[in-house]
Amino acid sequence: MMNILGTEQSSPLRRQGPKVSGNLRGTWAPAFAGATGLLMTSAALAAPITSPDRHLSVDIRITPAQTLEYSIQRDGRPVILPSRLGLQLEGADLANGLSLAATSPVKQVVDDYELATAKKRRIGYRASEQTVTVRNAKGQAMDVAFRVSNDGVAFRYLVRDAGLPDKRFVAESTSFRFDAGAKAWLQPMSVAQTGFANTNPSYEEHYQREIAVGTPAPNSAGWVFPALFRTGDTWVALTETSMDGSWHASRLQSDSGGGTYRLGVPMAPEVFPGGGLLAESRGTLASPWRVIALGSLATLVESTLGTDLAPPAIRFDAALARPGHASWSWALLKDDATVFDVQKKFIDYAVDMHWDYTLVDADWDRRIGYEKMAELARYASSKGIGLLAWYNSSGSWNKTEMSPKSRLLTHEQRVAEFARLAQMGVKGVKIDFFGGDGRSMIQYYVDIMKDAAAAGLLVNFHGATLPRGWSRMYPNLMTAEAVRGFEFTTFEQKDEDAVAPHAAMLPFTRNLFDPMDFTPMAFGDIPKIRRTTRNGFELAESVLFLSGIQHFAEIPEGMATAPGYVKDFLRELPRSWDDVKFVDGYPGRHAVIARRSGNAWYVAGFNAGEQALALDLDLGFLQGRTGQMIADGEGERAFAQAAVRGGRQRITIKPHGGFVAVFK
C-alpha cells in the first residue's frame with residue numbers, strides 16, 4: 001500500500017512569479033535570459049527537504065549559470081557537494097538556461113509491502129517528497145521529484161511536456177560530487193562485446209577497494225552500480241531502481257575528476273537487434289529513481305531503498321513465488337554432468353538435503369531432450385522438488401552456442417516455450433548471456449519476466465545486468481547473477497586467490513538491495529584449483545548472501561565430508577528472512593550480519609584477511625539467549641561446534657574463515 005499524505009492536494013504545484021516572496025532564498029541577479037524574460041537566479045528553495053528523523057537534508061537551487069543543482073547534508077555536514085541535475089532531449093535542453101517554475105508542497109510517503117526475496121519480509125518506507133519544476137528558455141518544462149527518507153535520498157526526472165510528443169534522450173547532467181578526501185569501492189564496467197564469446201558486459205569484475213575518489217576507471221565503460229563511498233563518517237551507496245523498459249540502465253562515467261561522478265550511458269552494441277539504445281517515450285518520459293543511500297555502514301546494510309522506490313508487484317500467484325534452496329551439478333561437474341542419470345542423482349541429493357529445487361543447466365535439450373526432461377520433472381515433483389531449466393537468451397548479439405538458444409526472442413516464442421515447460425512440470429527458468437544495458441535490452445528482460453509470470457514460471461537471470469528493484473516489481477524473479485560468482489573460481493586460480501576479499505565486498509555492494517546468484521559453498525575440492533577459503537567461510541556465505549533461490553555449488557561427494565550438524569544446519573536453513581541487523585564489518589575485509597526468521601536469529605561472519613581476526617561483537621539483541629555456533633576447526637577443511645551466548649562476545653575468526661550461529 002502506498003499513500004502520499006500532505007496538504008494543498010488540489011494544487012499540486014505552487015507557481016513562482018518573477019519575484020521572490022518566502023518560497024526561495026538566495027541572491028537574485030537582475031539579468032534576463034534572452035527574449036523570454038526569464039529571470040537569471042542563484043536561488044535555493046526556502047527550506048531544505050528533510051528526512052522524517054531530520055538527520056538528512058537536501059538543498060536544491062538554480063545557479064547563476066542557470067543550471068539546476070542539489071546538495072545533501074547529514075546532521076548539517078556535507079555529504080554530496082553541489083552537483084548537477086538535468087536532461088537533454090532531442091529538441092529540448094533541460095539542463096541549461098533553466099529557471100525555477102514551481103515547487104510542490106512537501107508530502108509524506110507511506111509505503112508498506114512484503115517481499116520474500118529480500119533482507120526483510122515486511123518493509124515500511126517513509127519519506128518526505130517534493131517535486132521541483134524547471135523551465136528552459138523555450139518554456140519547456142521538466143519535473144524533478146525528490147524523496148528523503150531516514151536512510152537516503154532519491155530523485156527522478158519526469159518530462160510531460162505535450163509540446164514534445166516524442167521524447168528522446170540525448171544526454172544527462174546528473175552528477176554526484178564528493179569531498180577530495182573521500183574513498184571509493186567500485187567495480188569496473190566491462191567493455192561491450194569482449195570476454196567469453198563476446199558476452200560482456202555482465203557485471204562480473206572484481207571491485208577496486210578503497211581508492212581515492214576521482215580515480216579513473218580502467219576503461220571507457222566506467223563503473224557499475226551499486227557504487228560505494230565513504231566521506232568522513234558517512235557511507236554512501238549509489239544505485240538506481242524502477243526499470244520498466246522505457247529507459248536504458250545507467251552507470252558511472254570513467255572520468256570523475258575532482259571527485260565528481262557523472263551518469264553514463266550504455267555502449268552502442270548493448271541493444272536487442274533492431275532496438276534502441278537510449279530512453280524514449282511518446283508519453284511521459286520518467287527516469288528510474290537515482291538512489292543515494294547514506295548513513296552509517298549499519299544503515300546501508302539494513303536499508304531497503306533499492307526496492308522501496310520500485311513500483312508495486314505485477315499480479316503473480318503467491319503460492320508459486322516460493323523461495324528455496326537448489327542442488328546444481330554444473331558448478332563443479334560442468335557440461336558432462338548434464339545427462340539424465342546425473343540430474344536424477346541431484347534430485348535425490350536435494351531430497352536428502354531437504355532442499356526445494358534442482359537446476360538442470362546448458363544443453364539439456366540436446367543431452368537429455370524434452371521428453372526425458374519432462375520425465376525428470378515428474379520424478380522431481382513426486383519427491384517434492386521443483387525442476388529448473390537453463391536457457392540461452394541470445395540471438396545474434398554474441399557467439400555462444402549453448403542451447404536451448406534463440407527460443408525466447410519474441411513474445412510468440414516465449415508464450416509457446418513457457419507453456420511447453422509448464423505442461424512438462426518445470427517450475428522455472430535460468431536465462432543466460434544477455435547483451436547489455438541498452439533500452440531495448442532492458443525491455444527484453446521486462447518482457448521475459450512478464451511472459452514467464454503469465455505462464456507461472458520463476459526466473460533467474462545470468463550473464464545479466466543488475467536487477468535494480470525488479471524483485472519487487474516481478475515477484476517471479478527469484479535471483480540474478482550480475483556478479484563474479486563462484487563459477488569463476490573454478491576456471492582460473494587467480495579468481496580463487498581473490499575470492500575472499502571479493503566475497504567480503506558483496507554484502508556492502510552487489511547484494512545490498514538485489515538478490516544475487518553467487519552460487520556459493522564448496523567443502524570439498526574444486527577440480528584443478530587449490531581452494532583458498534576455509535569451510536567456515538563457505539558455510540557463512542549461505543547466510544550472508546541473499547538469493548530468492550540459493551543454488552549451492554557443493555555436490556553430494558563434497559557434502560558427504562561435512563559432519564551431520566552442518567548438514568542439519570543446511571537442511572533447516574530458512575528460505576527467506578524477516579529481519580536483518582548489521583553487527584560488524586568493513587567492505588572487502590570482513591562482515592558479520594544477523595538475519596531473523598520467525599523467532600530464530602542466524603548470525604554469520606567471515607574474515608577475508610590473511611591473519612586471524614578478533615572481534616568484540618555486540619549481540620545485545622540476543623541477551624539471555626544461547627545458541628549453537630559452527631566455525632572452523634583445526635585444519636583448513638575442518639568444522640567445530642560450540643555453544644555461544646547473546647550479549648557482548650569476543651570471537652576470533654581464522655584467516656579466510658567464518659562461522660554461523662543459530663539462536664532459536
Side-chain angles (χ1 to χ4, degrees), residues 324-333 337 342 345-359 383 385 485-487 489-490 496 499-500 503 517-545 547 549-575 591-593 595 597 600 602-608 627-644 651-664:
H325 301 146
S327 63
W328 178 44
S329 67
W330 191 90
L332 292 174
L333 302 182
V342 173
K345 175 183 175 181
F346 271 75
I347 292 169
D348 294 337
Y349 173 40
V351 173
D352 177 59
M353 293 304 299
H354 301 181
W355 293 345
D356 310 276
Y357 299 98
T358 294
L359 169 61
K383 302 288 186 177
I385 304 298
F486 173 87
E487 67 179 40
T489 71
T490 71
E496 173 60 27
V499 75
D517 198 25
F518 184 87
T519 67
M521 205 177 67
F523 302 142
D525 295 328
I526 301 174
K528 301 179 182 179
I529 297 292
R530 178 185 57 82
R531 235 185 73 206
T532 61
T533 54
R534 298 175 189 267
N535 281 356
F537 191 105
E538 297 290 310
L539 187 63
E541 290 177 339
S542 69
V543 176
L544 291 172
F545 292 167
S547 182
I549 297 179
Q550 192 78 280
H551 296 87
F552 289 120
E554 188 53 275
I555 61 176
E557 291 78 7
M559 190 64 71
T561 68
Y565 58 81
V566 170
K567 295 177 187 175
D568 288 342
F569 170 84
L570 291 168
R571 288 174 177 131
E572 299 170 6
L573 185 65
R575 276 57 175 166
V592 183
I593 296 172
R595 304 195 190 280
S597 176
Y602 287 68
V603 184
F606 54 25
N607 168 24
Q628 288 293 316
M629 174 184 286
I630 303 172
D632 293 293
E634 296 302 320
E636 293 187 358
R637 302 291 180 89
F639 286 104
Q641 189 178 31
V644 62
I651 294 176
T652 298
I653 310 177
K654 292 179 181 293
H656 288 199
F659 73 91
V660 295
V662 184
F663 295 81
K664 293 186 176 179

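Residue indices begin at 1 and follow the sequence shown. What you see is a predicted model, and the numbers here were worked out from it, not measured in a lab. All heavy atoms count here, side chains included; hydrogens, waters and symmetry mates do not.
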Quiz item: Taking side chain as C-beta onward, heavy atoms only, is Val592 less than 4.5 Å from Phe659?
Solution: yes

Quiz item: Are Tyr357 and Trp328 near enough that their ring centres are under 6.0 Å apart?
Solution: no

Reported [atom1]-to-[atom2] distance for the pair [X] and [Y], which is rounded to 0.5 angstrom:
{"X": "His325", "Y": "Met353", "atom1": "NE2", "atom2": "CE", "answer": "10.0 Å"}
{"X": "Phe346", "Y": "Thr358", "atom1": "CZ", "atom2": "OG1", "answer": "8.5 Å"}
{"X": "Lys654", "Y": "Asp632", "atom1": "NZ", "atom2": "CG", "answer": "7.0 Å"}
{"X": "Met629", "Y": "Phe663", "atom1": "CE", "atom2": "CZ", "answer": "6.5 Å"}
{"X": "Lys664", "Y": "Ser597", "atom1": "NZ", "atom2": "OG", "answer": "9.5 Å"}
{"X": "Glu487", "Y": "His551", "atom1": "CD", "atom2": "NE2", "answer": "12.0 Å"}

Practice problem: Kindly write out the residues that satisfy salt bridge (Lys or Arg N to Asp or Glu O under 4.0 Å) with Arg637, not counting sequence neighbours, or none if the list is empty. | Solution: Asp525

Quiz item: Restricting to pairs with a member in residues 554-566, which pass side-chain hydrogen bond (donor to acceptor under 3.5 Å, both in side chains), not counting sequence neighbours?
Solution: Lys345-Glu557

Practice problem: Name all residues meeting the side chain to side chain contact (heavy atoms under 4.5 Å, CB included) criterion together with Glu496; count only those two or more places apart in sequence or in a different chain, and write none if there are none. | Solution: Thr489, Gln493, Val499, Ile526, Ile529, Arg531, Thr532, Thr533

Practice problem: Would you confirm whether Arg534, through its side chain, and Ala638, through its main-chain N or O, come within 3.5 Å as a donor-acceptor pair? | Solution: no

Quiz item: What pair of heavy atoms forms the shortest contact from Ala540 to Gly605, and how long is it?
Solution: CB-O, 3.4 Å

Exercise. List the steps, then state whether side-chain contact (heavy atoms from CB on, under 4.5 Å) holds for Leu573 with Tyr602.
Key: CA-CA 9 Å; Leu573 185 65; Tyr602 287 68; 4.0 Å; yes

